[in-house]
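Notes follow once the structure below has been shown.
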Amino acid sequence: MIQFKQYIAQEISNATEIDKQEIEGYIEIPKDDKNGDYAFPCFRLAKTMKKAPQAIAEEIKEKILIDDKIIEKIEVLGGYINFYINKTLLAKEVLEELEKEEYGKTELGKGKTVLIDYSSPNIAKPFHIGHLRTTLIGNSLYRVYKYLGYNTIGINHLGDYGTQFGKMIEAYKMWGNEYDLTEDPINKMVDMYVRINELCKTDEKILENCRENFRLLEAGDKYCADLWNKFKDFSMIEFEKIYDVLNVKFDSYKGESFYADKTDEVIQKLEEKGVLTDSKGAKIVDLTDVGIKTPCLIQKANGSSIYATRDLAAIMYRAKTYDFDKCLYVVAYEQNLHFNQIFAVAKYLVDEKYVKGLEHVSYGMVALPTGKMSTRLGNVVKIEDLINGTIEKAEEIITEKNPELENKEEVAKKVGIGAIVYNTLSTASIKDQIFDWNTALNFQGETGPYIQYTYVRTQSILEKVEKLPKFEEIKIEKLQDNYSINILKLIYNFEDILVQVTTKEEPSILARYLIDLSKAFSNFYNENKIIGEEKELQDARIYLTDCVGKVLKQGAYLLGMEMPNKM
Ligand code: ARG
């Protein structure tokens with residue numbers, strides 16, 4: 001497809017002798033298309049060129065040679081040069097491209113490897129709403145990176161290691177027969193853990209047993225290892241239920257325990273570099289030189305490794321195993337310090353190119369309106385209940401709107417999940433958010449169901465015609481009204497949007513895009529008759545409707561939603 005932005009950048013670069021790439025970075029898309037489809041702000045050049053932006057803009061404009069088949073018009077306004085692209089060319093390029101499968105798919109990332117560490121819940125602990133957010137952010141990033149041609153590896157860095165398992169083993173020894181773990185295992189394990197912790201506070205001997213259990217577990221004792229595996233298996237059954245409904249997959253489930261025997265190498269290497277210091281028997285790395293006040297704890301006084309040590313071992317392992325270009329950690333902002341610390345320590349362990357590729361994709365808290373939607377134990381919401389509750393609610397709404405609908409259950413599932421996915425991904429990751437299913441399920445608001453509903457509309461229009469027109473058969477001139485052009489421009493930007501998702505690690509950009517495209521289609525649909533127009537006009541509009549449907553469906557998939565055909 002023609003690259004308008006690059007074409008413009010090249011022309012400006014020729015006129016100014018400034019690097020094309022740099023120019024491309026400055027080019028903006030005006031909010032109001034009265035100011036063109038692309039704009040180049042000349043303010044940045046004012047200093048070096050020692051002229052007013054307006055004068056610079058005039059000067060550049062004079063020097064630019066444009067092909068009016070590509071750029072229709074150039075105008076100077078204030079310190080901007082505004083470019084108006086040729087809309088016929090735009091339409092032709094976009095519509096032709098849509099004939100192919102998988103619109104927007106590229107090989108941009110070919111030869112590059114991206115690791116995404118996401119979801120990563122803790123064994124024997126609840127999968128909480130924060131885990132839902134990392135799961136969905138990570139899943140969308142995973143899908144988008146893959147679509148752009150990157151070698152993408154999804155990693156579930158399970159929290160399956162730590163001294164707490166010594167306690168769990170002791171609890172099971174004492175009260176195992178009271179708990180049937182085949183049902184609701186996580187809540188029961190949490191219960192056991194709370195109970196044993198209470199006991200440990202007053203009973204030194206029990207605490208000693210717990211420590212001994214953990215030591216045995218580390219030494220590979222069969223009884224302890226079997227129990228630990230049991231806790232892990234029961235937890236995984238619960239987690240997999242969630243991954244299943246959300247259709248989330250991982251390439252690796254190597255969690256913390258996998259790195260337990262690889263932490264010695266970390267310690268050894270840090271020692272070699274002379275950066276490991278003693279602090280009351282514990283081993284730490286001081287990070288004040290990089291402005292981090294809290295040192296990174298590497299080994300506790302009792303000799304055991306910690307979360308950070310295992311993460312450092314994982315960085316070494318991942319560098320060696322995958323030779324990654326990027327390694328993303330989709331983890332809540334509460335762990336900002338942890339990641340600042342381990343990224344700072346990583347420079348002593350792996351090549352600089354790997355350190356550069358480490359990135360914490362930090363996300364904010366999710367709150368739930370309190371009340372009946374949650375089954376609570378302690379303060380924990382069961383995610384399964386939240387998901388199922390939303391699906392049930394979706395079914396009620398669908399039944400009310402469309403009592404005749406077939407496979408309501410299936411549709412309700414897609415709509416319920418769509419509501420959750422969109423709601424979770426619609427705000428910038430770093431912001432805190434609230435999940436309220438009444439808002440999330442509103443078919444008219446900026447929601448997942450609204451996007452799905454728009455898609456369903458496109459499909460029901462297409463159903464009304466006997467045969468879909470082919471690209472060669474349609475008359476592009478028929479799609480030059482503002483509503484059509486608005487859609488064409490959005491579709492044209494799809495790939496750029498996906499690239500932005502990966503450069504900013506921000507699926508909300510795609511979520512926003514899908515709403516914009518849905519709204520653009522609604523406007524087009526409300527203002528234009530599609531069926532019943534003269535043949536050429538009808539064909540052109542049908543073809544455009546089909547294109548919108550395809551892009552919405554593909555985009556929704558990349559966000560993590562499925563489209564129903566009816567709802
Ligand atoms: N298990 C941790 C938690 O639930 C998240 C792990 C994130 N990944 C990592 N490599 N540290 O908070």
Side-chain angles (χ1 to χ4, degrees), residues 114-139 141-142 152-165 168 186 189-190 193 228 231-232 235-236 238-240 242-243 248 250-260 262-263 266 296-298 305-322 324 326-346 349-350 354-355 357-366 378-383 424 429-430 432 505:
V114 178
L115 313 187
I116 311 179
D117 176 326
Y118 63 110
S119 195
S120 311
N122 302 315
I123 296 303
K125 296 230 181 96
F127 189 105
H128 56 70
I129 192 144
H131 289 123
L132 181 66
R133 199 162 181 196
T134 146
T135 304
L136 296 176
I137 295 172
N139 181 51
L141 290 176
Y142 182 85
T152 314
I153 317 279
I155 303 177
N156 196 332
H157 186 81
L158 293 170
D160 57 0
Y161 202 77
T163 49
Q164 74 272 25
F165 288 102
M168 282 299 295
I186 292 187
M189 289 190 274
V190 171
Y193 188 63
W228 173 80
F231 301 143
K232 192 163 165 166
S235 304
M236 284 317 293
E238 295 295 286
F239 300 158
E240 289 294 347
I242 297 169
Y243 298 142
V248 170
F250 300 91
D251 302 296
S252 162
Y253 283 90
K254 288 196 172 71
E256 291 188 47
S257 66
F258 178 77
Y259 300 102
K262 296 174 182 58
T263 54
V266 173
C296 186
L297 179 60
I298 302 290
S305 67
I306 68 155
Y307 178 54
T309 333
R310 294 187 285 275
D311 251 332
L312 289 167
I315 291 175
M316 289 176 78
Y317 176 85
R318 290 171 185 179
K320 204 164 58 200
T321 312
Y322 300 107
F324 62 79
K326 270 194 196 182
C327 176
L328 308 177
Y329 296 82
V330 187
V331 186
Y333 65 50
E334 294 161 301
Q335 295 192 31
N336 279 359
L337 175 63
H338 167 76
F339 285 103
N340 284 338
Q341 289 176 323
I342 64 162
F343 293 173
V345 177
L349 302 170
V350 290
Y354 298 120
V355 180
L358 300 170
E359 195 175 333
H360 178 201
V361 180
S362 192
Y363 64 83
M365 296 293 119
V366 195
N379 226 359
V380 180
V381 182
K382 241 186 127 191
I383 293 302
T424 307
S429 305
I430 193 63
D432 292 340
E505 319 300 353

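For ligands, and for the atoms within them, numbers begin at 1 and follow the listed sequence. None of the values given here were measured: they were computed from a predicted structure.
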Below 4.5 Å, heavy atoms only, C-beta onward: do Ile123 and Phe165 meet side chain to side chain? yes
Taking the six-membered ring for Trp, are Tyr329 and Phe339 parallel (under 30°), tilted (30 to 60°) or perpendicular (over 60°)? tilted
Within the 4.0 Å heavy-atom cut-off around ligand 1, the contacting residues, ordered by chain and number, are Asp117, Ser120, Asn122, His131, His157, Tyr307, Asp311, Tyr329, Val331, Gln335, Phe339
Sub-6.0 Å ring centroid separation between His157 and Tyr307: no
Output all residues satisfying side-chain contact (heavy atoms from CB on, under 4.5 Å) with Glu359, sequence neighbours left out; order by chain, then residue number. Leu328, Glu505
For the residue pair Asn336 and Ser362, establish whether any side-chain heavy-atom pair is separated by less than 4.5 Å. yes
So if I apply the ring-ring contact (aromatic ring centres under 6.0 Å, His included) rule between Phe250 and each of Tyr142, Tyr118, Phe239, which one comes out positive? Tyr118
